[in-house]
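For reference, the structure is listed below as structure tokens.
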Amino acid sequence: MSSVYEQVYAIVWRIPKGKVLTYGLISNMLNSRLSAQGVGWAMQALAKNSNKPGKYNATNVPWHRVINSQGRLSTHKNPDIAPGLQKKLLEAEGIKFDAEDKMNLPSHLWKEGLLEL
DNA sequence: ATGTTGACGCATG
DNA sequence: CCATGCGCCAACA
């Protein structure tokens with residue numbers, strides 16, 4: 001574990017099923033070594049690595065459990081990810097969305113993880 | 001090296 | 001609710 005990206009993946013890796021974290025929170029957990037936007041970039045890089053061999057890729061890291069601070073999804077800007085995929089994956093874990101693709105953040109936030117780190 | 005862009009966040013209007 | 005502006009930092013041309 002050397003690069004900040006790997007630290008991001010290591011955190012995302014630990015998010016339990018049905019729980020989520022936000023970009024800004026992860027950024028804070030890294031002690032400002034990477035901005036919230038940087039976390040977003042790490043996720044984007046993850047999607048690209050899904051084909052390449054490597055320790056972390058879209059297959060073994062639950063990237064869909066990372067959302068923005070408003071409880072909304074933001075993957076629609078990334079062409080590498082099918083529209084609605086993230087929402088679908090999260091709903092499969094029991095997370096509900098309203099008509100605006102928004103979820104109740106506090107009730108699904110991975111608080112235990114925040115305490116540990 | 002430099003300017004632009006963006007899976008972001010927060011404050012303001 | 002939407003639009004800007006500023007801070008942030010990695011990727012890209």
Side-chain angles (χ1 to χ4, degrees):
Chain A
M1 166 159 97
S2 51
S3 75
V4 285
Y5 273 20
E6 288 187 14
Q7 293 182 35
V8 173
Y9 301 148
I11 292 173
V12 177
W13 177 270
R14 300 181 49 197
I15 304 177
K17 180 183 177 184
K19 293 292 178 180
V20 299
L21 283 184
T22 71
Y23 299 98
L25 248 22
I26 293 175
S27 173
N28 275 253
M29 292 162 73
L30 293 177
N31 226 7
S32 301
R33 265 175 289 179
L34 190 67
S35 68
Q37 206 163 28
V39 175
W41 258 107
M43 293 301 104
Q44 187 175 48
L46 198 60
K48 278 190 167 185
N49 289 339
S50 58
N51 297 329
K52 302 178 183 177
K55 191 170 174 184
Y56 298 108
N57 58 52
T59 303
N60 54 32
V61 175
W63 54 268
H64 56 279
R65 295 178 189 144
V66 181
I67 63 180
N68 67 25
S69 66
Q70 321 301 310
R72 311 185 104 240
L73 308 179
S74 308
T75 51
H76 55 84
K77 287 181 183 172
N78 190 331
D80 293 331
I81 297 177
L85 174 60
Q86 185 174 17
K87 181 182 173 188
K88 191 174 151 191
L89 290 170
L90 290 173
E91 286 181 326
E93 297 184 351
I95 297 179
K96 310 294 185 187
F97 289 87
D98 64 15
E100 296 164 2
D101 286 351
K102 202 154 137 189
M103 63 173 283
N104 186 324
L105 189 49
S107 65
H108 292 292
L109 194 62
W110 186 37
K111 300 167 187 138
E112 293 79 6
L114 295 179
L115 292 179
E116 292 176 32
L117 304 172

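Within every chain, numbering begins at 1; the chains are lettered A, B, ... in the order of the sequence lines, protein sequences first and strands thereafter.
Contacts of A/Gly24 with the nucleic acid, taken as non-hydrogen atoms under 4.0 Å apart, involve only primed sugar atoms and P, OP1 or OP2. Across all strands shown, A/Ile81 has heavy atoms under 4.0 Å from base atoms, whether or not it also approaches the sugar-phosphate. Counting non-hydrogen atoms under 4.0 angstrom, A/Asn78 reaches a base of the nucleic acid. As judged by a 4.0 angstrom heavy-atom cut-off over every strand, A/Ser69 is placed among residues touching the sugar-phosphate backbone only.
The distance from atom OH of A/Tyr23 to atom C1' of C/dG7 is 19 Å, rounded to the nearest whole Å. Here B/dC10 presents its C1' atom at 13 Å from CD of A/Gln37, a figure rounded to the nearest Å. In this structure, A/Asn68 atom CG and B/dG9 atom P are separated by 5 Å, rounded to whole Å. The CD-P distance, from A/Gln44 to C/dC12, rounds to 8 Å in whole Å. Note: CZ (A/Arg72) to P (B/dC8) measures 12 Å, nearest angstrom.
Checking A/Lys19, A/Arg65, A/Lys17 one by one against A/Glu93, the salt bridge (Lys or Arg N to Asp or Glu O under 4.0 Å) holds for a single residue, A/Arg65.
Distances shorter than 4.0 Å separate some side-chain N or O of A/Lys48 from OP1 or OP2 on C/dC12. Regarding contacts with the backbone of B/dC8, every side-chain N or O of A/Ser35 stays at 4.0 angstrom or more from both OP1 and OP2.
In terms of heavy atoms, A/Asn68 sits closest to A/Thr22 at O-CG2, 3.8 Å.
Closest to the A/Leu34 side chain, of the nucleotides C/dC9, C/dC1, C/dA11, is C/dC9. The side chain of A/Lys77 has B/dA7 as its nearest neighbour among C/dC12, B/dA7, C/dC9. Picking from C/dC9, C/dC1, B/dA7 the nucleotide with the shortest atom distance to the side chain of A/Lys102 gives C/dC1.
Taking the six-membered ring for Trp and thresholds of 30 and 60 degrees, A/Tyr9 and A/Tyr56 have ring planes inclined between 30 and 60 degrees apart.
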